[in-house]
Amino acid sequence: MQTWQMQTAKARFSDLVRSAKQDGPQDITVHGRSVAVVMSRELFDRLSGNAQSLVAFIQQSPLSDSDDLVFERDTSLPRAIAL
């Protein structure tokens, strides 16, 4: 991961974005401390799971057409807590 000082990242923002897309995440530092990471949208979507909605994910499930699913609840008593 390439490291950029904040001043350099601001001055060369288009280069920073291009590097993030081509070379992967880019680290931004202030006074030697890492404060941010710039990454491509493709990598962000892959890491965050934003590729599809939750509804689409559930609809694609092999169990989505099953009408006979039964979820059993735990009927045991809750634990006693001294107050």
Side-chain angles (χ1 to χ4, degrees):
M1 182 178 338
Q2 184 176 348
T3 300
W4 302 68
Q5 292 180 348
M6 178 66 80
Q7 308 89 298
T8 307
K10 289 192 307 185
R12 297 180 51 206
F13 186 71
S14 59
D15 293 332
L16 170 68
V17 172
R18 190 176 304 111
S19 292
K21 184 176 180 184
Q22 294 174 352
D23 305 326
Q26 306 292 303
D27 188 31
I28 311 294
T29 62
V30 174
H31 302 297
R33 288 186 36 224
S34 178
V35 294
V37 174
V38 176
M39 67 178 71
S40 68
R41 181 64 195 210
E42 178 184 348
L43 178 58
F44 175 79
D45 286 342
R46 191 176 67 208
L47 293 175
S48 65
N50 286 340
Q52 63 180 348
S53 70
L54 178 60
V55 172
F57 175 78
I58 292 172
Q59 288 174 341
Q60 293 174 358
S61 168
L63 300 176
S64 66
D65 293 333
S66 296
D67 293 331
D68 58 347
L69 286 179
V70 177
F71 296 100
E72 295 183 23
R73 293 185 61 174
D74 182 6
T75 57
S76 61
L77 296 175
R79 61 188 172 109
I81 299 175
L83 299 175

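Remember, it's a predicted structure, so these values are computed and weren't measured experimentally.
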Show which side-chain atoms of residues 75-83 pair as donor or acceptor with protein atoms under 3.5 Å away, not counting sequence neighbours.
{"from": "Ser76", "atom 1": "OG", "to": "Asp74", "atom 2": "OD1", "distance (Å)": "2.9"}
{"from": "Ser76", "atom 1": "OG", "to": "Asp74", "atom 2": "OD2", "distance (Å)": "3.2"}

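With Gln22 contributing its side chain and Ala20 its backbone, the two residues share no donor-acceptor pair below 3.5 Å. Ser48 places a side-chain N or O within donor-acceptor distance of the main-chain N or O of Phe44, the cut-off being under 3.5 Å.
Following chains of ILVMFWY side-chain contacts shorter than 4.5 Å, one can reach Val17 starting from Val35, so the two form part of one hydrophobic cluster. Hydrophobic clustering of Ile, Leu, Val, Met, Phe, Trp and Tyr side chains at less than 4.5 Å, counting indirect connections, unites Met6 with Leu16. Hydrophobic clustering (side-chain heavy atoms under 4.5 Å, transitive across Ile, Leu, Val, Met, Phe, Trp, Tyr) groups Phe71 together with Leu63.
The environment of CD in Gln2 is crowded: more than 12 heavy-atom neighbours from other residues, nucleotides or ligands sit within 6.0 Å.
Atom CD in Gln5 sits 10.0 Å away from atom NE2 in His31 (nearest 0.5 Å). Atoms CG and CZ, from Asp23 and Arg18 in turn, are 11.0 Å apart once rounded to the nearest 0.5 Å.
For Asp27, the side chain to side chain contact (heavy atoms under 4.5 Å, CB included) test picks out Met1, Thr3, Thr29, Ser34, Val37, with sequence neighbours left out.
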Set out, in order, the CA-CA distance, both residues' side-chain angles and the distance that settles side-chain contact (heavy atoms from CB on, under 4.5 Å) for Trp4 and Asp15, then state yes or no.
CA-CA 11 Å; Trp4 302 68; Asp15 293 332; 4.1 Å; yes

